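In what follows, a single structure is set out as structure tokens and then discussed.
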Amino acid sequence: MVDANSTANFGVGAFLLAASEMVRYHETENKSAMIRPGEIWPDNTGTHINAHGGGILYKDGIYYWFGEHKSDHTSAALKGVTCYSSTDLIHWKNEGIALRVEPEGSGSDIEKGCILERPKVIYNELTNKYVMWFHLELKGKGYEAARAGLAVSDYPTGPYQFITSYRPNAGIWPENMPDKHRTLKAKASDFEGKLWTAKWRKVIDEGLLVRRDFEGGQMSRDMTLFVDEDKKAYHIYSSEENLTLHIAELSDDYQSHTGKYIRIYPGGHNEAPAIFKHKGTYFMITSGCTGWDPNEARMFFAPSIRGPWTQHSNPCIGKDAELTFHSQSTFILPVAGKEDTYIFMADRWRPHLPSDARYIWLPIEFENGLPVLRWKDEWNPEL
Ligand code: GAL
């Protein structure tokens, strides 16, 4: 039999237990109210966020994080582009698949098993549509297609409808390619087995690959989008066999390329472009080209998106700065309502268990007017 005393004790015990649970819960809450670069980042269901090579759209008080869904065994797209939403950039609700790959055998450009990377979404005020661009490689063709893919939705979380994929700016010369380089005779086939020589670098600089791809359109791989203050949008992508970045203007509805584009750093081998504008200056952080392995970030700045772009040194400072803290850039997010506050977003890839890739988010600090990145074990965007 349980006597009154023991019931009372049990009551007190249960109360104390409940209280300690509460403290623990709040500790966990507070603990989780932090961004912890490189750690597992659970969503509202407790599962590690699966939105790699991602980017963020801010709309009506909500952040929407879009990224590549990665499976455990392959980096190819088996599901599509995921979307998560948040109001504080720390707690993320899984909104499911925003753009779904098409069934196997459908012959669609975005058939299951294609490579669908680095999706970014921007909102278009004229059409009231959400516009997603991504890097697309056709199923079974490795990285040879090098296309930009387009999908559109009436709602931020989707579903997005796949519209088209192509190599941008077919039949159009870059604005900053001198007339005399447009008619040069050197051909890519002249340099087979003779890459990385001084002569090869010169012909790359002079637009050898732009001429090679002139009719079919320019290669478009690692990419980001940027909407400027005047609402003009730009698609920034690694082109020319990943040797040269292109910055291409998008049409007013953001759903096609206008044909106005520039090349920057021909032969510079930049990937993973991420861009932001701070006090009238455009800053871009990129990586070098070492596949899934991290390398040293690069930084560029320009007074206009059309250049001229100037290279500055690696923005990372401290231990592992030369490997971008073991990560590769994907996006730079201006924090809503906070002047001069930007988050550098990067991926720490895990090619042998792609779904376990980690997110390296760090606040951008400024020193002498230039962005710098320092490692932080944990931090809160509100602090
Ligand atoms: C990286 C690129 C990734 C992915 C990978 C494949 O350099 O940034 O998006 O394409 O190569 O090896």
Side-chain angles (χ1 to χ4, degrees), residues 49-56 65-82 99 101 109-110 113-121 132-149 165 167-168 218-225 235-247 264-265 267-275 284-300 314 316 322-332 344-361:
I49 292 171
N50 198 333
H52 309 277
I56 291 185
W65 176 357
F66 298 88
E68 305 160 26
H69 176 276
K70 295 242 183 250
S71 75
D72 294 347
H73 308 293
T74 169
S75 281
L78 302 185
K79 293 203 187 259
V81 177
T82 48
L99 171 66
V101 292
D109 288 0
I110 60 161
C114 67
I115 293 172
L116 199 169
E117 293 182 336
R118 299 187 177 270
K120 306 286 179 296
V121 174
M132 179 191 291
W133 286 93
F134 50 91
H135 165 205
L136 179 70
E137 298 293 345
L138 302 176
K139 186 180 176 183
K141 304 248 174 232
Y143 276 83
E144 119 194 355
R147 291 192 192 182
S165 78
R167 285 186 172 190
Q218 299 298 318
M219 299 177 93
S220 176
R221 292 205 183 110
D222 277 12
M223 58 145 282
T224 194
L225 298 177
H235 177 207
I236 302 159
Y237 49 92
S238 298
S239 193
E240 304 178 35
E241 306 287 355
N242 299 345
L243 286 165
T244 303
L245 283 169
H246 288 187
I247 300 184
I264 67 169
Y265 278 82
H269 235 175
N270 287 287
E271 281 195 325
I275 184 172
M284 181 154 55
I285 297 178
T286 67
S287 74
C289 291
T290 50
W292 302 116
D293 296 332
N295 54 51
E296 184 169 13
R298 295 100 180 266
M299 188 171 75
F300 303 85
N314 177 7
C316 303
E322 73 292 354
L323 290 177
T324 319
F325 312 114
H326 299 272
S327 71
Q328 185 183 31
S329 42
T330 183
F331 195 72
I332 294 170
F344 171 77
M345 295 167 50
D347 298 281
R348 184 175 286 172
W349 302 112
R350 294 262 158 96
H352 301 297
L353 181 55
S355 59
D356 191 39
R358 305 300 171 85
Y359 308 102
I360 306 300
W361 287 22

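What you are looking at is a predicted structure, and each value in this text was computed from that prediction instead of being measured. Note that ligands are numbered from 1 as they come in the structure, with each ligand's atoms numbered from 1 the same way.
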Got a salt bridge between Glu117 and Arg221, using NZ or NE/NH1/NH2 to carboxylate O under 4.0 Å?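 So Glu117 does not pair with Arg221 through a salt bridge.
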
For Lys120 against Met223, the heavy-atom pair lying closest together: NZ-O, 3.6 Å

Nearest heavy-atom neighbours spanning Ala148 and His235: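 Between these two residues, the closest heavy atoms are CB-CE1, 3.6 Å.
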
Kindly compute the distance separating CZ (Phe300) from OG1 (Thr286), expressed to the nearest 0.5 Å. 4.5 Å

Which protein residues come within less than 4.0 angstrom of ligand 1, counting heavy atoms only?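 Around ligand 1, where the cutoff is 4.0 Å for heavy atoms, the contacting residues are Glu117, Arg118, Tyr143, Asp222, Glu271, Gly291, Trp292, Gln328.
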
Counting only N and O atoms by type, is there a donor-acceptor contact under 3.5 Å from the side chain of Thr82 to the main-chain atoms of Gly67?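 Checking the backbone N and O of Gly67 against the side chain of Thr82, a donor-acceptor pair under 3.5 Å is found.
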
Quick check: does any side chain N or O of Asn295 sit under 3.5 Å from a backbone N or O of Gly288, one acting as donor and the other as acceptor?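 Flag set: sc Asn295 to bb Gly288 pair under 3.5 Å.
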
